[in-house]
Enquirer: 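My structure is below; once you've seen it, I'll send some questions.
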Amino acid sequence: MIVSEKPTNFIRSKIADQIKQGQIQEIITRFPPEPNGYLHVGHAKSICLNFGLAEEFGGRCNLRFDDTNPEKESQEYIDAIEADVRWLGFEWAELCHTADYFDQLFDWALHLIRNGDAYVDEQSAEEMRANRGTLTEPGIDSPYRDRSPEENEALFLKMRDGELPEGAAILRAKISMSAPNVNLRDPALYRIRHISHPRAGDRWCIYPTYDYAHGQSDAIEGITHSLCTLEFEDHRPLYEWLLKKLPVPSRPKQTEFSRLELEGTVTSKRKLNALVQEGHVSGWDDPRMPTIAGMRRRGYSPEGIRLFCERIGVTRKPNTIELQILEGSIRDDLEGRAHKAMAVLDPLKVIVTNWDQAPLELDVPWHPKRPELGSRTMVFGRELYIDRSDFELEPPEGFFRLVPGGSVRLKYGFIVDFEDVIIDADGRVSEVHVRYDPETRSGQDQSGRKVKGTIHWVHAESANEVDVRMYDRLFTVPDPGNYDDPGSVINPESLVHGKAMVEPALGQLMPDAYFQFERVGFFKQDPESRDGQMIYNRSVTLKDAWAKKK
RNA sequence: UGGGGUGUGGCCAAGUGGUUAAGGCAGCGGGUUUUGAUCCCGCCAUUCGUAGGUUCGAAUCCUACCACCCCAGCCA
């Protein structure tokens, strides 16, 4: 619900400038995930950038599955990625697959071979590694480097026709084995993999590498701005070399930006996958996961995530974003979006001793500032629950909730005055007796009384008991990404199961609604909820100046 | 010790030779409040990795140095 002016960044300024100069008419971007895992918050940054730029400048953005490596890819991931991008609020101009360009890519490989720009190498992977040299020493030419174009073509055809086993040969670009940039030391273009492809099926047994496929795919789609993260910067000379050598229909430009580093989270698909496989989380959509699916299930809104992406900016600097920026963005969005209701997580029984009448039904708006969200019915009566933390026998300085001899307002109900407290055998407060002041009913209070505190409550008899899942950071360290095995630093309290007594309306399924439990936090019904068996996931707590003060 | 990058307040981030170095987040102080939330107001970098230099004038230009990140997959 936050409307703000979009912050600028170097890519945005560059595009604005290019359009102003008349260098380009329309921009075309693409979001190119590999379908080998679920999308995470780092991808959200890229999605917002690519789709956001296209939207802003009246251009287009494609969703392209960069499916060049069938070993790790699957339809499950493809489906999840499409759903996640849509859920974030973006629609692609075209749905593309690198696999759909395999024929063209193959023809262009032949083009390189015939021009003497690529050759089939039959060294083993180990030999190739050994001959690549090191960061400080040049590599050694392959003994197969100077084959004739005819011989290379014949061999490449054999590769394609399945006549060679995996690892027996690869196609390499013929650039230079002594290039200081190791990505230019005759990089691999095609490898043999006798496995079927999620999209291309069994049509191929050779597959292009990322380096060979990406730029040409961009060119086929007419991408004007190919945005990627900084680790691909060293690949740009290769990206450009290929575009220059090939008769491509357009000349896209690659621009890099730094990837998102989020405090307390890992954003490596390999490590996220390990968390799932090793059972540290319930799945890719576990609400503790920094995946889009996880954040969705936790109750983060798409708008909140987009606000976050806006706030963090886009630069080339290494950065580590504080978790508070994410949580603050979610709170800021949910504040205006959530249905606000009452839930008591740690119930303490309250008897209103002078309430002898039938329960009173109260019509209470879902949101004090947004009447369009409507209202629901709450019930006030003789037996209530308040949160145990809202009563103190011996209150600390500055405590202004219910105390012996004190008064407090039960929000949307009445002001109540302390009367008595019942202590059980263990010395624990088991019940508090109060008297309500009939003159102080919310909305029609004529009494002129003022109390310092207003607390939330539920009517005992009509309340529903629900499950509550309270989430906290998944790891005990701020930099789990720096650990080889993040599973070893899992926070044992990252998920705490609890119960809550909630007002009647919260016992109903409202799967699309975002909720605020007043004075507690934002919550979302878990998709596993059933009527009579509600489960609420805590998305994020409210800010709590009192807790901080203590 | 090769190549490519990056250094502006606690965390982000504008700024590209000329007003007192934007803004957001966090923090602090105050006001409003039937959520100790929200909302509102105010405060929060004599200084831009360091050291020199050019200039009337530098975060912005030059030189040197320092720190950190990425690259040696038939991953992307």
Side-chain angles (χ1 to χ4, degrees), chain A residues 4-5 7-10 13 32-34 36 66 68-69 71-72 121 123-125 128-129 132-139 166-172 179-185 187-193 206-207 209-211 213-214 228-237 256 258-259 263 269-270 308 310-329 331-332 335-336 340 342 368-369 398-401 408-413 415 440 442-443 445 450-456 516-521 541-549:
Chain A
S4 60
E5 205 170 296
T8 193
N9 62 59
F10 75 102
S13 320
E34 182 189 12
N36 67 342
D66 210 352
T68 58
N69 183 1
E71 273 176 292
K72 303 177 184 171
D121 195 344
Q123 292 182 106
S124 67
M128 273 189 59
R129 190 183 331 115
R132 187 156 27 234
T134 69
L135 294 178
T136 53
E137 298 160 315
E166 289 186 12
I170 63 163
L171 184 71
R172 301 178 76 176
N181 178 347
V182 293
N183 292 120
L184 263 20
R185 315 242 260 232
L189 265 26
Y190 266 92
R191 70 287 220 189
I192 301 170
R193 288 290 177 274
I206 56 172
Y207 294 97
T209 59
Y210 162 86
D211 279 321
H214 204 89
C228 63
T229 45
L230 243 26
E231 64 269 28
F232 292 102
E233 190 163 25
D234 291 340
H235 295 242
R236 192 172 65 218
E256 312 84 14
S258 45
R259 54 185 300 152
E263 184 186 88
K269 280 195 223 170
R270 206 198 97 240
F308 167 71
E310 232 167 71
R311 284 184 177 174
I312 60 176
V314 179
T315 66
R316 295 168 62 87
K317 282 193 295 192
N319 63 80
T320 303
I321 307 294
E322 293 176 332
L323 209 55
Q324 289 172 322
I325 298 187
L326 210 210
E327 296 190 337
S329 303
R331 282 192 192 101
D332 286 352
E335 166 56 31
K340 302 188 173 188
M342 310 276 208
K369 293 176 185 167
F399 185 84
F400 48 78
R401 279 110 95 155
V408 74
R409 173 172 288 282
L410 298 178
K411 185 161 182 165
Y412 296 127
I415 290 178
T440 60
S442 280
D445 187 337
K450 291 276 182 235
V451 290
K452 188 75 174 150
T454 298
I455 62 174
H456 58 103
Q516 180 191 103
F517 290 178
E518 298 212 34
R519 303 209 306 132
V520 178
T541 59
L542 255 36
K543 272 203 276 188
D544 189 349
W546 172 244
K548 199 186 294 174
K549 199 169 168 182

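Letters A, B, ... are given to chains in the order of the sequence lines, protein chains preceding strands, and every chain is numbered from 1. Values below: all heavy atoms of this structure, side chains included; hydrogens, waters and symmetry mates excluded.
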Enquirer: Can you tell me the distance, in whole Å, between the NZ atom of A:Lys317 and the P atom of B:rA67?
Expert: 20 Å

Enquirer: Determine the contact category for A:Lys269: base if any of its heavy atoms lies under 4.0 Å from a base atom, sugar-phosphate if only primed atoms, P, OP1 or OP2 are that close, otherwise nothing.
Expert: nothing

Enquirer: Using atom C1' in both nucleotides, what's the gap between B:rU34 and B:rG27 to the nearest angstrom?
Expert: 28 Å

Enquirer: Would A:Lys548 and A:Lys543 satisfy side-chain contact (heavy atoms from CB on, under 4.5 Å), going step by step from the backbone distance to the final call?
Expert: CA-CA 9 Å; A:Lys548 199 186 294 174; A:Lys543 272 203 276 188; 5.7 Å; no

Enquirer: May I ask you to verify if any side-chain N or O of A:Arg311 is less than 4.0 angstrom from the OP1 or OP2 atom of B:rG24?
Expert: no

Enquirer: Counting primed atoms plus P, OP1 and OP2 as sugar-phosphate and everything else as base, spell out the protein contacts along nucleotides 68-76 of chain B at 4.0 Å heavy-atom distance: B, S or - for each nucleotide, 5' to 3'.
Expert: --BBBSBSB

Enquirer: So which of A:Ile415, A:Val408, A:Thr440 actually passes side-chain contact (heavy atoms from CB on, under 4.5 Å) with A:Val451?
Expert: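 Only one of A:Ile415, A:Val408, A:Thr440 forms a side-chain contact (heavy atoms from CB on, under 4.5 Å) with A:Val451, namely A:Ile415.
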
Enquirer: Of all heavy-atom pairs between A:Tyr412 and A:Met342, which one has the smallest distance, and what is that distance?
Expert: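 Taking A:Tyr412 first and A:Met342 second, the nearest heavy atoms are CD1-CE, 3.8 Å.
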
Enquirer: Considering every strand and a 4.0 Å limit on heavy-atom distances, what is the contact class for A:Val314: base, sugar-phosphate, or nothing?
Expert: sugar-phosphate

Enquirer: For A:Thr320 and for A:Glu137, locate the closest nucleotide of RNA chain B by heavy-atom distance; then report the residue assigned to the nucleotide nearer the 5' terminus.
Expert: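 The answer here is A:Glu137.
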
Enquirer: In whole Å, what is the span from the CZ atom of A:Phe10 to the C1' atom of B:rU6?
Expert: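 In whole Å, B:rU6 C1' and A:Phe10 CZ are 12 Å from each other.
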
Enquirer: What is the distance, rounded to the nearest whole Å, between atom CZ of A:Arg331 and atom C1' of B:rC25?
Expert: 11 Å

Enquirer: Got a sec, which residues hit side-chain hydrogen bond (donor to acceptor under 3.5 Å, both in side chains) with A:Arg409, two or more places apart in sequence or on another chain?
Expert: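 A:Arg409 satisfies side-chain hydrogen bond (donor to acceptor under 3.5 Å, both in side chains) with A:Ser442, A:Asp445 once adjacent residues are dropped.
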
Enquirer: Using the purine O4'-C1'-N9-C4 or pyrimidine O4'-C1'-N1-C2 torsion, is B:rG27 syn (within 90° of 0) or anti?
Expert: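 This nucleotide is in anti.
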
Enquirer: Could you state the atom-to-atom distance from CZ of A:Arg316 to P of B:rG5 in whole Å?
Expert: 7 Å

Enquirer: How does RNA chain B look in dot-bracket notation if pairs are Watson-Crick or G-U with both distances under 3.5 Å, crossing ones as [ ], other-strand ones as |?
Expert: .(((((((.[[[..)..(....]]].(((((.......))))).....[[[[[..)....]]]]])))))).....

Enquirer: When rounded to the nearest Å, what value does the distance between C1' atoms of B:rG30 and B:rC11 take?
Expert: 25 Å

Enquirer: Side chains of A:Ile325 and A:Ile312: does their closest heavy-atom pair fall under 4.5 Å?
Expert: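 They are in side-chain contact.
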
Enquirer: Tell me: CZ of A:Phe308 to P of B:rG24, nearest whole Å?
Expert: 18 Å

Enquirer: Looking only at heavy atoms, what is the nearest atom pair of A:Thr68 and A:Ala213, with distance?
Expert: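 Closest approach of A:Thr68 to A:Ala213, heavy atoms only: CG2-CB, 3.7 Å.
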
Enquirer: Between A:Ile325 (CD1) and B:rG10 (P), how many Å, whole number?
Expert: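 The answer, rounded to whole Å, is 14 Å.
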
Enquirer: Could you give the CD-to-P distance, from A:Gln324 to B:rA26, as a whole number of Å?
Expert: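 From A:Gln324 CD to B:rA26 P: 7 Å.
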
Enquirer: Are OP1 or OP2 of B:rU1 and a side-chain N or O of A:Thr136 less than 4.0 angstrom apart?
Expert: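 No, outside the criterion.
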
Enquirer: Do A:Glu310 and B:rG24 have a side chain to base donor-acceptor pair shorter than 3.5 Å?
Expert: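 Answer no: no donor N or O sits under 3.5 Å from an acceptor.
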
Enquirer: Indicate the ring-plane relationship of A:His235 and A:Tyr210, choosing parallel, tilted or perpendicular according to the 30° and 60° boundaries.
Expert: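 Rings of A:His235 and A:Tyr210: perpendicular, over 60°.
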
Enquirer: Give me the distance, rounded to whole Å, that separates B:rG49 from B:rU60 when you measure between the C1' atoms they each carry.
Expert: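 Nearest-Å result for B:rG49 against B:rU60 at atom C1': 15 Å.
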
Enquirer: How far, in whole Å, is B:rA51 from B:rA26 if one measures between their C1' atoms?
Expert: 33 Å

Enquirer: Check whether any side-chain heavy atom of A:Asn69 lies under 4.5 Å from a side-chain heavy atom of A:Arg191, and answer yes or no.
Expert: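 The answer is yes, as the side chains (C-beta and beyond) meet within the 4.5 Å cut-off.
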
Enquirer: If we take the P atom in both B:rC39 and B:rG24, what is their distance in whole Å?
Expert: 12 Å

Enquirer: Taking B:rA59 as the reference, what is the distance to B:rU20 when you measure between their P atoms (whole Å, please)?
Expert: 11 Å

Enquirer: Could I get the full list of side-chain hydrogen bond (donor to acceptor under 3.5 Å, both in side chains) partners for A:Glu322, not counting sequence neighbours?
Expert: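 With neighbours one apart ignored, the set is empty.
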
Enquirer: How far, in whole Å, is B:rC66 from B:rU1 if one measures between their P atoms?
Expert: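 Nearest-Å result for B:rU1 against B:rC66 at atom P: 9 Å.
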
Enquirer: If every non-hydrogen atom of A:Phe10 is compared with every non-hydrogen atom of A:Arg316, which pair is closest and at what distance?
Expert: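 Looking at all heavy atoms of both residues, the shortest contact is CZ-CG, 3.7 Å.
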
Enquirer: Quick one: list whatever passes side-chain contact (heavy atoms from CB on, under 4.5 Å) with A:Asn36, sequence neighbours left out.
Expert: A:Glu34, A:Lys72, A:Glu73, A:Lys269

Enquirer: Can you build the contact string for nucleotides 28-36 of chain B? Use B for base contact, S for sugar-phosphate-only contact, and - for no protein heavy atom under 4.0 Å.
Expert: S-----BBB

Enquirer: Using the C1' atoms only, state how far B:rG23 lies from B:rA45, rounded to an integer number of Å.
Expert: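 It comes out at 14 Å once rounded to the nearest Å.
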
Enquirer: Looking only at heavy atoms, which two atoms of A:Arg172 and A:Asp121 are closest? And how far apart?
Expert: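 Smallest heavy-atom distance, with atoms named: NH1-OD2, 2.8 Å.
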
Enquirer: Would a distance-only check, ignoring hydrogens and angles, find a side-chain to backbone donor-acceptor pair under 3.5 Å from A:Arg331 to A:Gly521?
Expert: no

